[in-house]
Amino acid sequence: FSFYGLKAILALYLKNHLGFSNDHATALVHTFVMVAYGMTLFGGWLSDSHLGKYKTILYLSLIYCGGGVLLSFTALPGITGDPPHWWGCAISLLLIAIGTGGIKPCVSSFLGDQFDASQQTALTTVFLYFYMGINTGSVMSTLLTPVIRSSFSYSAAFAMPAVLLFVSTIVFVVGRRRYRMV
């Protein structure tokens, strides 16, 4: 929800709120997406070589949440100056890219680790619902985030996904005693 909702309004934010040209805003959005997907290599390496999937998901989710909160905060009028300065957005997007990209290679494999070979039918069903949930959230965030932006503000539109990501991180932590750590 968070990544796709952000992507839905990021170019408008960069252009209308921070004053970037259309070309510059487009280039920055594409750079953000490229860094986010490039960070999957970092997340996989961190998980496989150092922390394991659970800790990688947890730590990078917290970084992701921090980026979302910082982006929401620095989108408030006057926080970074008038006219607003780009630094808050740049730091936020870097944190979000590290977080979202870093957890991407870990989440689905962590889910798969929760099943053994005798549970193939359950595994197939869970992955069906897992990907259906991801894609439903992506569509909903792409539709809802622009509505929140136009009804309230950029800050509110950035805050909602950050809050939802924080709640999902709490749910992830609460279930830790039930996970199979492979």
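Computed from a predicted model, the values in this text were never measured in an experiment. For this chain, numbers begin at 1 and follow the sequence in order.
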Taking only distance into account, with no hydrogens and no angle test, what donor-acceptor pairs under 3.5 Å do side-chain atoms of residues 100-108 form with protein atoms, sequence neighbours excluded?
none

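- Cluster membership for M34 and W45, using ILVMFWY side-chain heavy atoms within less than 4.5 angstrom, is shared.
- Under the rule for a side chain to side chain contact (heavy atoms under 4.5 Å, CB included), the partners of R180 that lie at least two apart in sequence or sit in another chain are Q114, D116, V182.
- Enclosure of atom CE in M181 by more than 12 non-hydrogen atoms of other residues, nucleotides or ligands within 6.0 angstrom is indicated.
- Using bins of under 30°, 30° to 60° and over 60° for the plane-to-plane angle, the ring pair F110/Y179 lands in the perpendicular bin.
- Not one N or O on the side chain of R178 forms a donor-acceptor pair closer than 3.5 Å with the backbone of G175.
- In this structure, V33 and F3 have side chains that are in contact, with non-hydrogen atoms separated by less than 4.5 Å.
- The hydrophobic cluster around L76 extends to F73, I79, counting ILVMFWY residues whose side-chain heavy atoms fall within less than 4.5 Å of a member.
- Here the shortest heavy-atom pairing between S61 and T169 reads CB-OG1, 3.6 Å.
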When the side chains of residues 154-165 are checked against the rest of the protein, which donor-acceptor pairs come out under 3.5 Å, sequence neighbours left out?
residue : atom : partner : partner atom : Å
Y154    : OH   : L12     : O            : 3.3
S155    : OG   : S72     : O            : 2.7
S155    : OG   : S72     : OG           : 3.3

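- Counting Ile, Leu, Val, Met, Phe, Trp and Tyr side chains that sit under 4.5 Å apart, directly or through other members, V139 shares a hydrophobic cluster with L143.
- Linking Ile, Leu, Val, Met, Phe, Trp and Tyr residues whenever their side-chain heavy atoms come within less than 4.5 Å leaves L62 and V69 in two separate clusters.
- Rounded to the nearest 0.5 Å, atoms CD1 (I96) and CD1 (I91) are 12.0 Å apart.
- Atom-to-atom distance recorded for T142:OG1 and L6:CG is 10.5 Å, nearest 0.5 angstrom.
- The line from OG of S168 to OH of Y64 is 9.0 Å long, rounded to the nearest 0.5 Å.
- Taking the side chain to side chain contact (heavy atoms under 4.5 Å, CB included) definition, one finds that P77 meets it with nothing, sequence neighbours left out.
- Partners of D48 according to the salt bridge (charged side-chain N to carboxylate O under 4.0 Å, His left out) rule, which considers only residues two or more places apart in sequence or in another chain, do not exist here.
- Note: L14 CG to C89 SG = 5.0 Å, rounded to the nearest 0.5 Å.
- Atom-to-atom distance recorded for T31:OG1 and L94:CG is 12.0 Å, nearest 0.5 angstrom.
- Closest approach of A25 to A11, counting heavy atoms only: CB-O, 3.8 Å.
- A donor-acceptor pair is defined here as one N or O able to donate and one able to accept, closer than 3.5 Å; no such pair exists between the side chain of S151 and the backbone of I148.
- For the residue pair P146 and S141, the shortest heavy atom distance occurs at CD-O, 4.0 Å.
- Of the inter-residue distances, the one linking I98 atom CD1 with L46 atom CG reads 11.0 Å to the nearest 0.5 angstrom.
- In terms of the side chain to side chain contact (heavy atoms under 4.5 Å, CB included) criterion, residue partners of T26 (sequence neighbours excluded) are, by chain and number, H30.
- Smallest separation of non-hydrogen atoms from T56 and S47: OG1-CA, 3.2 Å.
- Put simply, W87 and V29 are part of the same group of oily side chains (I, L, V, M, F, W, Y) that touch within less than 4.5 Å, one to the next.
- Other residues, nucleotides and ligands place more than 12 heavy atoms under 6.0 Å from the CZ atom of F172.
- For residues 5-16, the set of pairs meeting the side chain to side chain donor-acceptor pair (under 3.5 Å) definition, not counting sequence neighbours, is empty.
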* Determine, stepwise, if the pair V173 / Y54 fulfils side chain to side chain contact (heavy atoms under 4.5 Å, CB included). => CA-CA 9 Å; V173 169; Y54 176 80; 4.0 Å; yes

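- Applying the salt bridge (charged side-chain N to carboxylate O under 4.0 Å, His left out) test to pairs two or more places apart or on separate chains, those with a residue in residues 53-67 are K53-D113.
- The shortest non-hydrogen separation linking L93 to F32 is O-CE1, 3.4 Å.
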Quick one: side chains of residues 127-135, donor-acceptor pairs under 3.5 Å with protein atoms, not counting sequence neighbours, listed by atom name and distance.
residue : atom : partner : partner atom : Å
N135    : ND2  : Y131    : O            : 3.0

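- By the side chain to side chain contact (heavy atoms under 4.5 Å, CB included) test, A122 pairs with F115, Q119, sequence neighbours left out.
- F166 and L71 are not part of a single hydrophobic cluster, where members link through side-chain heavy atoms under 4.5 Å apart.
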